[in-house]
Amino acid sequence: AMDDGQELMSTNGNAHGVESIYDGIYPEDEECEAEILVDPSSNVPLKVHSVNFSQLPQLASDHTWIPPLKLTSGEASVVNKEGTVLLLGRSGTGKTLCVCNRMSRDRNRYAQQTNGSSSSGSRDVATVPVPPQPGSIRTNHHTGVDNIHQRSFRQLFVARTQRLCDYVKALQVNSGENVNHDGVKFLTTSTLAEDLRVSLEQLLNTDSDPPATASSQLSSSFASAQHQWKARFHISYPKFLNHIWKTLILTAHTHKKSDRSKGKLDPLMVWTQIRSFIKGSYQAASQQSPLSYEQYADLPKARCRLDGDTRRLAYEVYVTYEEYLHDRGLWDDMDQIVHIVGLIQLQKLEVGGPTVWYDRVYVDEVQDITQAEIGLFFLLTGENCDAL
């Protein structure tokens, strides 16, 4: 399709509805498509690309280059909306595309600000102490003030799987974006947690005593730094199901077999309660300990849909599970996240304020992320509520 004699419109599907694994990045100053066109082969939004006539030779000769996508007006409004955005939608509706465009827009805006072409008064960049990037070692405590003219704009994209991280990075690389530098990270939640934990323990020198100003709860994070955070001691859901639920828990709770047969107890349901509320809630991370039974039982129905009796049974299973982990030196993801939150709080006490690890954090498939992890992302931005 022709557009004012200047632009050639093309779609990235074929007769079988097979799409490229890469999408282009939408330039902010282009016009938007007013409506969503539906791909009849797969019943998802049709991706429409913009190609100038001058780019046709590149399109024909470079099979890795994908022209920029034209966004709908709704997608463009999401990309350009200020502050923190929660984007909901089913698969194939363009959520990841919006994330990629938002990352590009934020980088361009930062470049304009550092060049003095923006007078925005919003808190777009950090003016607080900045630590080394995760995975690096800092030998001296940093007490200076971050200067936006002395460093690059730091962005973090987080997802559960490495495949999605690689995909989002490829989207930007193949559209001409320069993201192959330390200023832009594409990390899984597990890799991020491991890098942060190692960096913070080295940063705070956890072999020594905690700062005198640290509270007793935060000081416990120093004690747990001696924990063996090795992969072979890590408990995931498959291990919970096959090695704990099917043996220890079912044996320990045989008198409640009738409850299980009625559907009151299910391994995935119990694991979700532990991960989402008892150990993985932001309340648990903030207080540096799992929710007590009273705290868990008092959660409002709108937040936890289980009735009181089922909550009691789930908490009993949690207690058995936690004793099993403690006795054998095992750990799960929430143990590490709570530990990291504690270390960041200790660092805050040490430097006298929040520290900015990343200027912007972008999270895909956030439905798989716990409250504690979202709280951690917030802390990584220097407690900037507009940076997620």
Side-chain angles (χ1 to χ4, degrees), residues 160 189-190 193-194 197 216-301 303-342 368-373 375-376:
R160 279 287 174 199
T189 50
S190 58
E194 174 72 12
R197 179 183 56 77
S216 58
Q217 287 181 329
L218 294 180
S219 298
S220 66
S221 290
F222 270 89
S224 61
Q226 306 303 320
H227 201 296
Q228 295 294 316
W229 301 102
K230 296 182 179 179
R232 69 175 184 270
F233 298 140
H234 175 249
I235 297 297
S236 59
Y237 177 70
K239 290 183 179 179
F240 170 80
L241 175 63
N242 297 318
H243 301 293
I244 300 178
W245 178 267
K246 290 183 178 179
T247 55
L248 175 71
I249 291 178
L250 293 189
T251 301
H253 296 268
T254 52
H255 63 287
K256 296 185 177 65
K257 186 174 181 179
S258 60
D259 291 325
R260 295 195 305 277
S261 65
K262 294 177 182 177
K264 280 188 173 295
L265 284 185
D266 171 84
L268 182 58
M269 178 270 289
V270 172
W271 177 259
T272 300
Q273 296 302 300
I274 294 172
R275 186 174 179 273
S276 299
F277 302 115
I278 301 174
K279 296 181 71 173
S281 63
Y282 189 68
Q283 183 179 356
S286 299
Q287 68 187 26
Q288 287 290 286
S289 64
L291 299 186
S292 66
Y293 172 70
E294 290 73 21
Q295 289 175 316
Y296 175 59
D298 287 341
L299 292 177
K301 189 75 171 180
R303 184 174 171 191
C304 178
R305 297 182 180 180
L306 300 186
D307 59 40
D309 186 51
T310 308
R311 292 193 199 189
R312 176 181 57 81
L313 295 175
Y315 201 88
E316 289 178 359
V317 172
Y318 155 71
V319 171
T320 303
Y321 165 72
E322 197 65 21
E323 290 174 349
Y324 182 87
L325 265 59
H326 182 269
D327 293 344
R328 291 161 178 78
L330 306 176
W331 60 280
D332 57 28
D333 289 337
M334 293 304 98
D335 290 321
Q336 183 167 233
I337 293 298
V338 170
H339 175 62
I340 293 169
V341 170
D368 298 326
I369 304 296
T370 65
Q371 280 190 352
E373 289 169 320
L376 173 60

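Using a 30° and 60° split on the angle between ring planes, Tyr321 and Trp271 fall in the perpendicular class, above 60°. Relative orientation of the Tyr296 and Phe277 rings is tilted, given thresholds of 30° and 60° on the angle between their planes.
At least one donor-acceptor pair closer than 3.5 Å links the side chain of Gln371 to the backbone N or O of Tyr282.
Taking both residues in full, the closest heavy atoms of Asp368 and Arg275 are given as O-NH2, 3.1 Å, listed atom of the first, atom of the second, then distance.
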message: Under the criterion side chain to side chain contact (heavy atoms under 4.5 Å, CB included), I'd like the reasoning laid out for Leu299 against Arg311: C-alpha separation, chi angles, the key distance, then a yes or no.
response: CA-CA 10 Å; Leu299 292 177; Arg311 292 193 199 189; 3.4 Å; yes
message: side chain to side chain contact (heavy atoms under 4.5 Å, CB included) for His339 and Trp229? Distances and angles first, verdict last.
response: CA-CA 11 Å; His339 175 62; Trp229 301 102; 3.8 Å; yes
- request: Could you go through the side chain to side chain contact (heavy atoms under 4.5 Å, CB included) check for Ile337 and Lys279 one step at a time?
  value: CA-CA 10 Å; Ile337 293 298; Lys279 296 181 71 173; over 6 Å; no
- request: Any chance you could lay out the side chain to side chain contact (heavy atoms under 4.5 Å, CB included) test for Tyr293 and Arg312, step after step, and finish with the verdict?
  value: CA-CA 8 Å; Tyr293 172 70; Arg312 176 181 57 81; 3.5 Å; yes
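Two residues are said to be in side-chain contact when any heavy atoms from C-beta on lie closer than 4.5 Å; Ser289 and Gln295 fail this criterion. Contact check for Met269 versus Leu306: side-chain heavy atoms found under the 4.5 Å cut-off.
The structure places CD1 of Ile340 at 11.0 Å from CG of Asp335, a figure rounded to the nearest 0.5 Å. Note: Leu330 CG to His243 NE2 = 10.5 Å, rounded to the nearest 0.5 Å. Distance CD1/Ile274 to CZ/Phe240: 5.0 Å, rounded to 0.5 Å.
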Hey, can you pull the donor-acceptor pairs under 3.5 Å for the side chains in residues 231-239, sequence neighbours left out?
unit_1	atom_1	unit_2	atom_2	d
His234	NE2	Asp333	OD1	2.7
Tyr237	OH	Leu268	N	3.4
Lys239	NZ	His234	O	3.0

